[in-house]
Amino acid sequence: METQNREIKEMSQEQGDSSASVNFIQMIINQDLAEGKNQGRVHTRFPPEPNGYLHIGHAKSICLNFGLAAQYQGLCNLRFDDTNPSKEEVEYVESIQNDVHWLGFDWAERLYYASDYFERLYLFAEQLIMKGKAYVCDLSAQEIREFRGTLTEPGQNSPYRDRTVEENLRLFREMRAGAYDDGARVLRGKIDMASPNLNMRDPVLYRIQRATHHRTGDDWCIYPMYDFAHPLSDAIEGITHSIWTLEFENHRPLYDWVLESCDINPGPQQIEFARLNLTYTVMSKRKLRQLVEDGSVKGWDDPRMPTISGLRRRGYTPEAIRDFCERIGVAKSNSTVDISLLEHCIREDLNQRAPRAMCVLRPLKVVLVNYPEDQVEMLPGEINPEDPNMGMRDLPFSRELYIEQEDFMENPPKKFFRLSPGSEVRLKHAYIIKCVDVIKDSVTGEVTELHCTYDLETKSGMPSSGRKVKGTLHWVSAAHAVPVEVRLYENLFLKENPDEDQEEDFKVNLNPNSLEVLDKALIEPFWGRAALGSKFQFLRQGYFCVDPDSASGRLVFNRVVSLKDTWSKLMKSK
RNA sequence: UGGGGCGUAGCCAAGCGGUAAGGCACUGGUCUUUGGAUCCAGCAUUUCGUAGGUUCGAAUCCUGCCGCCCCAGCCA
């Protein structure tokens, strides 16, 4: 037996099985399959409440649920957990579907709503009453809280706990019929007021709430609670593995109680994993909503937001997000993943796929004093060196150019491989130039223009172009470049964990420089009409994406992420 | 002071009684007309929260202790 195991291990190692490490949920499923549970089926679901926009934490759950289904040739449903009409809106159900699709997952025809089950759920509740497992309670919310006891003291039974089945049934039907005011009565499970698990102290199953539901309108004035609706919705859909986040672990006994009490056996199995946290951002819907509502960001899809729509607008790709979700793993320990892993994933993806462009963010004029006045050369440059199939584009080159302000220093420190008086650099895809004169504003002393000479012999691609210089700069031709707006983003928060100090308002840690707008940037003309959403690598700078705001005519670019930059790191460490 | 979870490098995370995978980050070096990418190397020298115990052998089993997270909504 042991030898066999070892052989299996060695075999999978020899095959270089990259998915060799199996997470604890896959372990459970493997075991279930081995035992023949669920007739070998794997059926999961992603069950958001439509009360906000999805964020990267939801992406983890989506990838997990849809991913497991795919891996085991099973199914995954999309189900809206819409049991609280006062918080839910169609706007959200639409954005959620859009985001899940965009991430690359498909629920086919299995789009469900808990509200579709309201009638069946109601019937289950009546059954519970008839079995003496549920009762109508007239205690106020306040009283229920008081009767519940505390973490260390048991609760007390409600005085309404022993109503007869007949009375309970009558009352519950009257609740449904609208005979009582909101909050006047609730239906409760009759479990155990002394349970150490507070969720088991006669939990509320139904409440009266007169609110127009986004799907059922005013058909109902009683709504099931999550703890009642969720296990039954799972059961109705034939879910085998109901995967939730850790904070629902304490609800599992109740989940199982509901199923058992409704004679559903075997029922779905609830499994809990740790939700995702990311450094330098917040993930709770409440806090994200606050940022939107008080104008700290421009909307749910602000490129600084960790929402799916924000990441999409920023320029993240579904591939990168899926890759990220795979790399972070699935476990039960609360963890905070370093944002640099997410950044790594998008760099890796875009490096392979994004066309290269030269774009000068903060222009500094360069005049090539020995270049003919009216001459324009078209110089070829590869669109993506990682993928020769993407071909070439032409770059106009002329006497007057712009380079990046920070690529010139009058008194450079050691190891500054860029332009300075008397030094030489190569202009990418073009010539080696040498700085011969520095023109300054007579009043401010600010450098306004550089005079350089170019070396005709060093034209890119020519046999004599082999001369080496330390630095290579990006540039644009003054007469040909297209003005664009560039938006640079940094982390939304200055602190790694903005939630850390519960006492202080998390917003004191907002990064005042999370957005910087550059309105004088110039891009090479070849990309001057780039399409909305298209992504580029701006040479030596980072990856950029065309923002929807470009619709007005002028191109607006979002910086997705900068390139790794050992130079600035070196400078900072000094 | 009740109950439920979790503790493996700076951050994730494998490991399931046979002698610490992998990724990110970081550090060197190679290469380079992107200070990018690539490639190579280094990165827990009895160490897995901690103290004991069982065992020929423990991150893995047992016991105590410590730390962190969740639960007292008619939210999900």
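In the text below, chain A, chain B and the rest are named by the order of the sequence lines, each starting its count at 1.
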- Query: How would you label the contact of A:Leu539 with the nucleic acid (heavy atoms, under 4.0 Å): base, sugar-phosphate, or nothing?
  - Reply: base
- Message: Once ring-ring contact (aromatic ring centres under 6.0 Å, His included) is applied, do any residues pair with A:Tyr316, and if so which ones, sequence neighbours excluded?
- Response: none
- Task: Give the rounded distance in Å between these two atoms: CD of A:Gln156 and C1' of B:A72.
- Result: 14 Å
- Classify the angle between the aromatic ring planes of A:Tyr454 and A:Phe397 as parallel (below 30°), tilted (30 to 60°) or perpendicular (above 60°). tilted
- Query: Which part of the nucleic acid does A:Arg347 contact within heavy-atom distance under 4.0 Å: base, sugar-phosphate only, or nothing?
  - Reply: nothing
- Item | Test salt bridge (Lys or Arg N to Asp or Glu O under 4.0 Å) applied to A:Glu404 and A:Arg540, step by step | CA-CA 11 Å; A:Glu404 207 67 58; A:Arg540 305 205 305 130; over 6 Å; no
- Item | Near-strand residues of residues 424-431 of chain A, defined as heavy-atom separation under 4.0 angstrom from RNA chain B | A:Arg426, A:Lys428, A:His429
- Could you label the plane-to-plane angle of the A:Phe544 and A:Phe538 rings as parallel, tilted or perpendicular, counting under 30° as parallel and over 60° as perpendicular? parallel
- Message: My understanding is that only residues two or more places apart in sequence, or in another chain, count here; which of them pass side-chain contact (heavy atoms from CB on, under 4.5 Å) with A:Pro196?
- Response: none
- Nearest to the side chain of A:Thr566 - B:G5, B:A14, B:G36? B:G36
- Task: Determine the interatomic distance between P on B:A20 and the same-named atom on B:G2; round to the nearest Å.
- Result: 39 Å
- Query: Can you name the residues that form a side chain to side chain donor-acceptor pair (under 3.5 Å) with A:Tyr223, not counting sequence neighbours?
  - Reply: none
- Message: Any salt bridge linking A:Arg185 with A:Glu174? Criterion: basic side-chain nitrogen under 4.0 Å from a carboxylate oxygen.
- Response: no
I'd like a table of atom pairs between the protein and nucleotides 47-49 of chain B - only N or O on both sides, under 3.5 Å - with the distance next to each one.
none

- Mind checking the P distance from B:G49 to B:U8? Whole angstroms is fine. 6 Å
- Mind checking what makes side-chain contact (heavy atoms from CB on, under 4.5 Å) contact with A:Asp192, not counting sequence neighbours? A:Ala194, A:Ser195
- Item | Partners passing ring-ring contact (aromatic ring centres under 6.0 Å, His included) against A:Phe324 (at least two apart in sequence or in another chain) | none
- Task: Would you tell me whether A:Tyr543 and A:Glu343 have side-chain atoms, one donor and one acceptor, within less than 3.5 Å of each other?
- Result: no
- Going by heavy atoms closer than 4.0 Å, what residues in residues 377-396 of chain A are next to RNA chain B? A:Pro385, A:Glu386
- Task: Looking at every strand, decide which applies to A:Arg418 at a 4.0 Å heavy-atom threshold: base, sugar-phosphate, or nothing.
- Result: base
- Classify the nucleic acid contact of A:His474 as base, sugar-phosphate or nothing, counting any heavy atom under 4.0 Å across all strands shown. nothing
- Query: If you measure only the distance, is there a donor-acceptor pair under 3.5 Å linking the side chains of A:His474 and A:Gln541?
  - Reply: yes
- Donor-acceptor pair under 3.5 Å, A:Asn197 side chain vs B:G2 base: no
- Message: So, does A:Lys564 get its side chain near the phosphate of B:A25, meaning an N or O under 4.0 Å from OP1 or OP2?
- Response: yes
- Among B:G36, B:A76, B:U33, which nucleotide sits nearest the side chain of A:Phe248? B:A76
- Residue set satisfying side-chain contact (heavy atoms from CB on, under 4.5 Å) with A:Asp256, at least two apart, ordered chain then number -> A:Arg252
- Donor-acceptor pair (no angle test) under 3.5 Å: A:Asp338 side chain, B:C12 base: no
- Query: Base, sugar-phosphate, or nothing: which does A:Lys470 touch, judged by heavy atoms less than 4.0 Å apart?
  - Reply: nothing
- Query: For A:His58, what residues pass the ring-ring contact (aromatic ring centres under 6.0 Å, His included) criterion, not counting sequence neighbours?
  - Reply: A:His55
- Item | Residue matched to B:A37 through Watson-Crick or wobble contacts both under 3.5 angstrom | none
- Message: What's the gap between B:C12 and B:U19 when it is taken at their C1' atoms, as a whole Å value?
- Response: 25 Å
- Have a look at A:Gln537 and say if it touches a base, only the backbone sugar-phosphate, or nothing, with a 4.0 Å heavy-atom cut-off. base
- Residues pairing under side chain to side chain donor-acceptor pair (under 3.5 Å) where one sits in residues 320-329 of chain A, two or more places apart or in two chains, turn out to be A:Asp323-A:Arg327, A:Arg327-A:Glu348
- A:Met462 CE to B:U33 P: how many Å, rounded? 17 Å
- In whole angstroms, the gap separating C1' of B:A25 from CD of A:Glu343 amounts to 11 Å
Identify each atom pair where a protein N or O and an N or O of nucleotides 73-75 of chain B are less than 3.5 Å apart, giving names and distance.
| unit_1 | atom_1 | unit_2 | atom_2 | d |
| --- | --- | --- | --- | --- |
| B:G73 | OP2 | A:Arg145 | NE | 3.0 |
| B:G73 | OP2 | A:Arg148 | NH2 | 3.3 |
| B:C74 | OP1 | A:Arg148 | NH2 | 3.4 |
| B:C74 | OP2 | A:Arg148 | NH1 | 3.2 |
| B:C74 | N3 | A:Gly183 | O | 3.3 |
| B:C74 | N4 | A:Leu139 | O | 2.9 |
| B:C74 | N4 | A:Ala141 | N | 3.0 |
| B:C74 | N4 | A:Gly183 | O | 3.1 |
| B:C75 | OP2 | A:Arg207 | NE | 3.0 |
| B:C75 | OP2 | A:Arg207 | NH2 | 3.0 |
| B:C75 | O3' | A:Arg207 | NH2 | 3.2 |
| B:C75 | O2' | A:Asn84 | ND2 | 3.0 |

- Stepwise salt bridge (Lys or Arg N to Asp or Glu O under 4.0 Å) test for A:Glu237 and A:Arg79: CA-CA 10 Å; A:Glu237 292 176 17; A:Arg79 178 172 75 231; 3.1 Å; yes
